[in-house]
Amino acid sequence: MLKAILRILIFISITAAIATGAAYLLESDGLVRIAFDGREVELSILTAALLFMLSIVAVFLVFKLLGLLVAIFKFANGEDTALWRYFNRNRERRGFEALADSMVALAAGEGRLAIANAAKAEKKLNRPELTNLVNAQAAELAGDSARAVTYYKNLLKDERTRFVGVQGLMKQKLAEGDTKLALALAEKAFAIKPRHAPTSDTLFKLQAAEGQWSGAKETISAKRRSGDLPSDVATRRQAVLALADAKALLDEGDIDKGRDAALEAHKLAPPLTHAAVLTAEFYNLQSRPRLASNAIKKAWAQAPHPDLAGAFAELKPDETPAQRVRRFKTLFSQNSDHPETRMVQAELALSDEDFPAARRAIRELNEKDPTVRSMTIMAAIERGEGASDDVVRGWLSKALEAPKGNQWVCDNCGIVHGDWAAICTNCEAFDTIDWRRPETVAAPTTSTPTLGFTAGVLASAADDAASETQVEKETEVASETSEKP
């Protein structure tokens with residue numbers, strides 16, 4: 001409103017100035033003498049003013065003519081929009097102003113204003129590569145997804161803007177929850193710009209979520225080649241993907257491909273527990289016990305785990321408890337003071353009914369870092385040595401308040417999983433599930449990880465604890481009831 005009033009005032013002022021000047025010239029009797037090349041010409045002031053104005057117009061027309069000739073020359077040399085720009089300079093200027101206003105509105109988060117200015121720019125400019133993009137982003141900001149999809153599809157028509165169009169459609173499908181179509185669009189965007197990190201990250205996440213492990217491995221390889229991922233990180237991710245692929249192939253019954261994927265995972269990352277277990281199983285089926293044993297030992301040396309001990313035991317399922325104790329000494333030569341080593345030693349001694357050895361193995365662990373499993377093992381030792389039920393129940397009562405010990409925990413969201421997986425089922429993060437102690441203390445259950453040799457003893461002891469706890473609760477309830485009036 002103020003701009004319009006100011007323009008009117010300026011126009012009135014200029015008109016008044018021109019009228020005043022014209023009246024002065026008409027009333028003036030003076031002459032203007034022009035001398036040029038020995039000649040003199042006398043003109044009235046009004047005539048001189050008119051000639052001056054005509055000369056200005058002539059110069060302007062000459063420049064306009066030169067501009068037209070330049071535009072014709074450019075058009076003749078293949079610049080299709082040269083003539084259009086020449087005849088629509090003012091229109092184009094207003095269009096760019098509207099485009100700039102739309103971009104400012106986008107930056108300010110004003111979606112509706114951005115759409116209005118983008119529509120003006122679209123009418124005045126013949127630059128769809130600019131206006132389509134701004135219109136799409138403005139519609140996206142305003143929450144008009146249908147309009148945004150229309151403009152993103154328009155961007156697909158131009159080679160220069162095709163990547164942006166595919167990316168925009170991919171984001172729309174992700175927002176709608178259509179992950180399969182989003183995955184297809186991510187693959188197209190990746191094919192156009194394989195070095196674009198956000199696109200490759202999105203593609204990898206979608207491939208992993210859909211269980212396309214082979215495709216995800218190719219994406220990681222491309223990120224590694226482009227320098228987007230450090231070599232060690234890429235190797236770890238490829239190992240996890242190979243392991244996930246192996247588990248999926250084995251579930252489908254494809255033994256040969258599953259074996260190859262498991263061997264690849266173990267080769268890339270020996271500490272991966274499940275990769276080592278699967279590798280050992282395959283080697284054992286091929287009657288190659290030494291290779292199977294070495295696979296488990298490599299993993300144990302870096303990250304001891306109950307599943308590794310179980311797989312090591314399965315290499316010779318028919319051996320006696322005493323033979324098993326001797327054979328496991330080669331495994332325990334690495335990480336001999338690790339808590340898992342101590343607990344497996346105690347379980348092996350229990351299976352051999354060597355209760356003093358079991359006590360020696362577990363005593364220090366229960367003093368320094370007790371867990372449900374270590375205390376349950378201690379209860380089994382007491383029972384094996386003939387201790388009273390009160391002693392056994394005392395250990396189990398302590399176990400009720402002890403930390404549960406290591407479990408499969410997501411490092412990203414802290415959720416505990418029953419088994420390892422490449423992707424967290426809660427937060428969908430990749431390769432975040434680690435064998436460690438959760439931050440919260442959980443009540444013990446009868447499913448404490450064991451080798452199976454003491455499963456009967458530990459389960460019986462845990463059942464006793466549950467029964468004792470139930471009796472105590474019933475007694476407390478009965479007492480409270482009897483005290484009420």
Is it true that the side chains of Q302 and Q334 contain a donor and an acceptor less than 3.5 Å apart?
no

Side chain to side chain donor-acceptor pair (under 3.5 Å) pairs touching residues 245-257, sequence neighbours excluded, are D256-R259

Does a side-chain N-to-carboxylate-O contact under 4.0 Å join K173 and E176?
yes

Does D411 pair with R436 as a salt bridge, N-O distance under 4.0 Å?
yes

Does E319 pair with R326 as a salt bridge, N-O distance under 4.0 Å?
no

Partners of R437 by salt bridge (charged side-chain N to carboxylate O under 4.0 Å, His left out), sequence neighbours excluded?
D369

Plane angle bin for F328 and F312 - parallel if under 30°, tilted between 30 and 60°, otherwise perpendicular
perpendicular

Check whether the ring centres of H305 and W420 lie less than 6.0 Å apart, and answer yes or no.
no

With sequence neighbours excluded, residues passing salt bridge (charged side-chain N to carboxylate O under 4.0 Å, His left out) with R162
E159

Quiz question: by atom type and distance under 3.5 Å, do the side chains of N366 and S374 form a donor-acceptor pair?
yes

Taking side chain to side chain donor-acceptor pair (under 3.5 Å) as the cut-off, I'd like each qualifying pair that reaches into residues 220-233, sequence neighbours left out, listed once.
S200-K223, D201-K223, S221-Q238, K223-D228, R224-S231, R224-T235, R224-Q238

Could you give all pairs that pass the salt bridge (Lys or Arg N to Asp or Glu O under 4.0 Å) test and reach residues 298-314, with sequence neighbours left out?
none

Could you list the donor-acceptor pairs under 3.5 angstrom formed between side-chain atoms of residues 286-296 and any protein atom two or more places apart in sequence or on another chain?
from	atom 1	to	atom 2	distance (Å)
Q286	OE1	R288	NH1	3.2
N294	ND2	R290	O	3.3

